[in-house]
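Here is the structure we will look at.
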Amino acid sequence: MNGTLMESEIYQQPEQLAHNAAAYFDSVREGLKGHDYQMVLLAARGSSDNAALYARYLIEIHLRIPVSLAAPSVITKFGSDMRFPKCLAVGISQSGAAPDVAEVLNFMRASGHGTLAITNTPGSRLTEEAEHTILLNVDAEKSVAATKTYTASLLALYQAVRALGANLPDPAGHLPDASWLQRTRDEAEEAFGILNRQTVRFSLGRGFSFATCCESALKLMECALLPCKAYSTADFQHGPKALAGPESTAIVYGEAPSGLTDFGCVPIYAPQSDRAELAPLSDVLFGQWLALFTARSRNLDPDTPRNLSKVTLTL
């Protein structure tokens, strides 16, 4: 059956997250605590970039430090010698091989700033460039579609923010379990047919859920070859909702924009977990299942999606 690797790796997530949560915190607790950083720079691509969006909300809300999402080409293509205030640069890459992300860490460390790598690959370039590293330790991810490395990256970022001094609870007891995994699977299996029937697709969320709606849209595009655009529910009101008509559908994480069904748009409501800061680790499972089931219905294999490989090298 198509997507057997992806399905297996989706199922691995509850156990892997529970197993690694404490280790993520312990690996950086001493190295990060007590630093008076004035900003955080996040460098990532693809699914890791969506994880960075999650970290931005955590940091700005709970540490009250401004966050910038790096544009690596400013360094790699334009050679800008940017001047940052006292900064922690965080590079996120499941393979640890992303050269542009590594170049950002190299530049920031050479400039005297703190650096943290989050990766699933020990000994990778990212770990060599960074002063501190959180290893995801979720075994090799064999499907091209990132699933367990994505949720592990979210948890690693959550624990890094705790290590930096945020007053956030221990995630134990708030992580997705087998029953939640089954619930999201069941609801996605009922809903995925709508994505095939409609011609315009949105993925909507806000705040901590914004990363989830972005990752769900990406999964549909890479696994099922279905165009899907992610928007903050606030940004959706500023123009894109003009496309919300009888041939449209919206995957909704959280509260739907007002009037959505009045326009004829068919909403797909994702099941919501109860802890806002940790909800993205659970809620995205629904988006992963949607992408898997939709891909299978279109006779596509998300383990080897068209035009994509597991490691993408950009500079």
Side-chain angles (χ1 to χ4, degrees), residues 17-44 47-70 72 82-94 96 101-102 104-120 122 126-138 149-175 207-212 275-281:
L17 292 172
H19 176 73
N20 287 301
Y24 294 165
F25 182 72
D26 291 341
S27 65
V28 290
R29 176 176 50 187
E30 295 303 319
L32 295 185
K33 75 175 183 179
H35 286 280
D36 186 24
Y37 294 115
Q38 295 173 300
M39 71 168 290
V40 175
L41 180 70
L42 301 170
S47 288
S48 296
D49 207 22
N50 295 331
L53 289 173
Y54 167 67
R56 179 176 192 168
Y57 281 92
L58 279 177
I59 294 164
E60 292 190 340
I61 292 170
H62 290 281
L63 294 174
R64 295 177 293 176
I65 302 172
V67 173
S68 176
L69 302 180
M82 291 178 290
R83 296 182 299 275
F84 288 90
K86 186 179 180 182
C87 182
L88 174 66
V90 182
I92 313 163
S93 168
Q94 60 87 18
V101 175
V104 171
L105 291 189
N106 175 278
F107 172 85
M108 295 300 287
R109 190 171 185 180
S111 301
H113 299 288
T115 48
L116 169 65
I118 295 177
T119 180
N120 197 39
L126 214 64
T127 65
E128 295 171 353
E129 299 290 1
E131 181 182 4
H132 307 289
T133 296
I134 297 178
L135 289 174
L136 299 179
N137 192 34
V138 292
T149 57
Y150 177 74
T151 51
S153 295
L154 297 183
L155 181 56
L157 287 161
Y158 180 90
Q159 294 290 55
V161 173
R162 288 184 68 222
L164 284 164
N167 184 23
L168 287 165
D170 189 307
H174 299 285
L175 298 173
F208 293 110
S209 294
F210 184 49
T212 309
R275 178 81 196 185
E277 291 88 346
L278 283 161
L281 282 78

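Counting from 1, the numbers follow the sequence of the chain as shown.
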| task | Please name all residues satisfying side chain to side chain donor-acceptor pair (under 3.5 Å) with His62, sequence neighbours left out, ordered by chain then number. | result | Glu277
| message | One pair to check against side-chain contact (heavy atoms from CB on, under 4.5 Å): Asn50 and Phe210. What are the steps and the verdict? | response | CA-CA 9 Å; Asn50 295 331; Phe210 184 49; over 6 Å; no
| message | If I take atom CG from residue Leu281 and atom CG from residue Leu155, how far apart are they, to the nearest 0.5 angstrom? | response | 5.5 Å
| Ile59 side, atom CD1; Tyr54 side, atom OH - distance, nearest 0.5 Å | 10.5 Å
| message | Can you tell me how far apart OG1 (Thr115) and NE2 (His113) are? Round to the nearest 0.5 Å. | response | 10.5 Å
| request: Taking all non-hydrogen atoms of both residues into account, name the closest pair between Asn20 and Val138 and its distance. | output: ND2-CG1, 4.0 Å
| query | Under the ring pair (Phe, Tyr, Trp, His ring centres under 6.0 Å) test, which residues partner His35, sequence neighbours left out? | reply | Tyr37
| said: If I take atom OG1 from residue Thr127 and atom CG from residue Leu135, how far apart are they, to the nearest 0.5 angstrom? | reply: 7.0 Å
| message | To the closest 0.5 Å, what do you measure between CG (Leu88) and CG (Leu42)? | response | 8.5 Å
| note | Tightest non-hydrogen contact, residues Thr212 and Tyr150, listed as N-OH, 4.4 Å
| request: May I have all residue pairs that pass salt bridge (Lys or Arg N to Asp or Glu O under 4.0 Å) and include part of residues 18-29, sequence neighbours excluded? | output: Asp26-Arg29
| said: Less than 4.5 Å apart, side chain to side chain, heavy atoms only: is that true for Val28 and Leu164? | reply: no
| field | side chain to side chain contact (heavy atoms under 4.5 Å, CB included) against Ser209, all qualifying residues, sequence neighbours excluded | value | Tyr253, Gln272
| request: With the side chain counted from C-beta on, respond yes when Leu116 and Ile134 share a heavy-atom pair under 4.5 Å apart, and no when they do not. | output: yes
| field | Under 3.5 Å donor-acceptor, Thr119 side chain and Ser93 backbone | value | yes
| message | According to salt bridge (Lys or Arg N to Asp or Glu O under 4.0 Å), does anything in residues 157-174 pair up with another residue at least two apart or in another chain? List the pairs. | response | none
| field | Taking every non-hydrogen atom, the tightest pair across Ala51 and Leu157 | value | O-CD1, 3.4 Å
| If every non-hydrogen atom of Val40 is compared with every non-hydrogen atom of Val90, which pair is closest and at what distance? | CG1-CG2, 4.1 Å
| note | Value for CG (Leu278) from CG (Leu168), rounded to nearest 0.5 Å, stands at 7.5 Å
| Under 4.5 Å between any side-chain heavy atoms of Arg109 and Glu131, yes or no? | yes
| remark: For Pro280 and Ala276 the tightest heavy-atom approach is CD-O, 3.5 Å
| said: Is there a side chain to side chain donor-acceptor pair (under 3.5 Å) between Gln94 and Asn120? Walk through the geometry before answering. | reply: CA-CA 5 Å; Gln94 60 87 18; Asn120 197 39; 5.3 Å; no
| request: Compare every heavy atom of Asn106 with every heavy atom of Glu129, then report the nearest pair and how far apart it is. | output: OE1-ND2, 3.1 Å
| field | Check: Leu136 main-chain N/O paired with Tyr24 side-chain donor or acceptor under 3.5 Å | value | yes
| Would you call Phe84 and Ser111 a side-chain contact if the rule is heavy atoms closer than 4.5 Å? | no
| Got a sec, which residues hit side chain to side chain donor-acceptor pair (under 3.5 Å) with Ser153, two or more places apart in sequence or on another chain? | none
